[in-house]
Amino acid sequence: MGPDYLSELATSLADGFLVTLQLIGWTLLFSTILGTLLGAMRVSPIAPLRFVGTSYVNIFRNTPLVVVFLFVVVGLPGVGIGPSFFWRAVISLSLYTAAFVCECIRSGVNTVDPGQAEAARSIGMGFGASLRHVVLPQAFRAIIPPLVSVYIAMAKNTSVAYAFGITEATYQLKALIEDFPGSLWFNFAGIVAGYILIVAVLSAIASGFERRTAVAR
Amino acid sequence: MSTVLFDNPGPVTRARHRVYTGVALLAFGVLLGFALWQLWSTEQITPDKWEAFTEPHIIQALFEGLLDTLSAAALAITLAVTFGAVFATGRLSDRAWVRWPSWLVVEFFRAVPLLLLILVIFLGFSSLGPYWSLVLGLMLYNGSVLAEIFRAGVQAVPKGQSEAAYAIGMTKSQVLAQILAPQAVRSMLPAIISQCIVALKDTALGYVIGASGILKVGKQIYISPLYNNPFATAVVLAVVFIIVNYSLSRLAVYAEHKMSQRGATTVENVESTTGA
């Protein structure tokens with residue numbers, strides 16, 4: 001456990017968490033887009049859209065993430081769709097997380113009292129105006145805390161990508177032990193510290209948002 | 001039907017909705033058709049990819065794998081409930097030297113990715129073997145989440161209840177055991193069932209350390225050159241998990257419905273519905 005080990009640990013963690021952060025960033029983007037789309041489908045008046053949204057959520061919420069990875073990482077190339085391992089991991093994580101984002105958005109819209117929208121209509125606001133000025137600002141505030149919980153769970157779930165050959169943070173645990181036998185618990189501590197830092201940053205951003213949108217009731 | 005977003009539609013809007021419905025059906029039809037065509041042209045839905053799942057010995061192996069998965073989940077949940085009860089009690093303690101370590105344990109195991117936890121238990125205590133590494137990892141993670149659910153449940157009981165109990169001379173532990181806990185369990189039941197679903201889903205992580213279970217059986221099927229059918233296997237595994245978990249989540253909804261009829265508030269927990 002000399003300086004060799006420490007510098008190796010530092011570079012391994014930097015390499016690993018760079019990949020983890022990339023996974024988190026792309027998944028955050030794609031799962032938010034897809035989840036918002038699905039959430040809009042679930043609250044729309046068009047029956048087939050609601051049906052597809054509901055089916056999607058039920059399928060992906062009840063399938064383990066490992067099985068989703070199995071589909072996308074191992075199964076997709078056989079179907080003739082084969083982006084790189086990294087992108088297949090992003091696709092798996094995004095498909096899975098989108099179901100939970102969708103549920104947050106749907107429940108957020110449902111927390112707004114229907115009387116609010118009726119009041120907006122009665123003063124002559126159309127669909128777009130009442131959505132923009134009355135419903136969405138209130139829904140957004142209600143969504144933030146559960147949505148952040150979903151993103152934090154997603155950040156931790158990126159570790160599943162390790163099982164499918166992505167060299168992210170968790171992968172470094174095993175890689176380091178091979179070079180330095182007996183370093184297991186130090187590696188664990190280092191990697192855990194990294195994840196805790198990511199979760200802390202996500203929580204801090206969230207509470208900042210919450211403070212800015214807080215309203216005295 | 002009037003929701004927050006749209007009013008009861010009039011005749012013009014209904015006609016427009018019919019058009020949108022038609023367009024949506026057409027779009028999904030085209031998408032589904034394209035997916036099926038892609039699957040067919042890459043020979044993923046040919047009989048030989050699926051014949052594995054008609055063979056009795058494979059069906060039996062999958063069934064036994066499912067039993068392994070369910071037993072690991074059941075054991076993990078039992079241990080997690082105990083762990084959660086102990087640490088929730090610890091966090092509610094008046095003594096700082098009990099409260100702080102309990103807080104630390106609960107926060108730590110909630111923050112660590114479950115896969116990393118299972119992996120480090122497996123590598124660090126190799127004598128445990130994959131099955132117990134998986135069960136212990138699940139216990140520590142789900143137990144910590146449950147501890148928070150329990151604590152929220154106890155704190156959701158109106159304050160007057162414990163004040164009344166103190167007034168008739170009960171001690172703190174008597175209040176917790178006889179007044180708060182029974183009421184808390186009622187309000188926590190849906191959240192606890194959701195957490196059971198999460199634990200069941202998370203047993204799939206045992207795949208990483210080679211724990212026996214339905215995923216291990218699935219892997220043996222799709223890597224065998226005889227079948228080489230990862231897509232078909234993933235479909236079968238997903239269907240099994242969806243059936244089991246969906247039935248359990250119906251149970252949670254039913255429990256929540258029962259609770260709300262009896263006038264109890266239920267504890268919401270987002271974490272308990274996410275999982276890996």
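Naming convention: chains lettered A, B, ... in sequence-line order (proteins, then strands); numbering from 1 in each chain. Predicted model, so just to flag it, every value in this text is computed and none were measured. What's counted below: heavy atoms across the whole structure, side chains too, no hydrogens, waters or symmetry copies.
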Practice problem: Name the member of B:L39, B:L237, B:T233, B:L123 that forms the most heavy-atom pairs with chain A at distances under 4.5 Å. | Solution: B:L123

Quiz item: Relative to chain B, which segment of A:F71 carries a heavy atom at a distance below 4.5 Å: side chain, backbone, both, or neither?
Solution: both

Quiz item: Taking atom CG of A:L65 and atom NZ of B:K201, what is their separation to the nearest 0.5 Å?
Solution: 8.0 Å

Quiz item: If you take all heavy atoms of B:A204 and A:V66, which pair is closest and at what distance?
Solution: O-CG2, 3.8 Å

Self-check item: Heavy-atom contact with chain A under 4.5 Å, split by part of B:Y20
Solution: both

Self-check item: Interface moiety of B:F28 toward chain A, non-hydrogen atoms closer than 4.5 Å
Solution: side chain

Quiz prompt | Nearest-0.5 Å distance that lies between atom CD1 in A:I59 and atom OH in B:Y246 | solution = 11.0 Å

Quiz item: Looking at B:V235, B:I197, B:D202, B:L25, which one has more heavy-atom pairs under 4.5 Å with chain A than the rest?
Solution: B:V235

Quiz prompt | Most chain B-contacting option - heavy-atom pairs closer than 4.5 Å, from A:S159, A:G75, A:A153 | solution = A:S159

Quiz prompt | Exceeds 12 heavy-atom contacts within 6.0 angstrom, atom CH2 of A:W87 | solution = yes

Quiz item: Can you tell me how far CD1 of A:I152 sits from CZ of B:R110, rounded to the nearest 0.5 angstrom?
Solution: 9.0 Å

Quiz prompt | Heavy-atom pair with the smallest gap, counting every atom of B:G124 and A:W185 | solution = CA-CZ2, 3.9 Å

Self-check item: A:V74 portion near chain B, given a 4.5 angstrom heavy-atom threshold
Solution: both

Quiz item: Which residues from residues 114-121 of chain B are near chain A, with near meaning under 4.5 Å between non-hydrogen atoms?
Solution: B:L115, B:L116, B:L117, B:L119, B:V120

Practice problem: Below 4.5 Å from any heavy atom of chain A, which atoms of B:L215 appear? Answer side chain, backbone, both or neither. | Solution: side chain

Quiz prompt | From CG (A:L184) to CZ (B:F122), nearest 0.5 Å | solution = 12.0 Å

Self-check item: Reported CD1-to-CG distance for the pair B:I242 and A:N62, which is rounded to 0.5 angstrom
Solution: 6.5 Å

Self-check item: Region of A:Y162 in contact with chain B, defined by heavy-atom distances below 4.5 Å
Solution: side chain

Quiz item: When only pairs under 4.5 Å are counted, which of A:L70, A:L76, A:I196 shares the most heavy-atom pairs with chain B?
Solution: A:L70

Exercise. Enter the distance from A:F69:CZ to B:Y207:OH here, rounded to the nearest 0.5 Å.
Key: 11.5 Å

Self-check item: Heavy-atom pairs under 4.5 Å with chain B, option from A:L173, A:V199, A:N187, A:I177 with the top count
Solution: A:L173

Quiz item: Is the number of heavy atoms from other residues, nucleotides or ligands under 6.0 Å of A:F86 CZ greater than 12?
Solution: yes

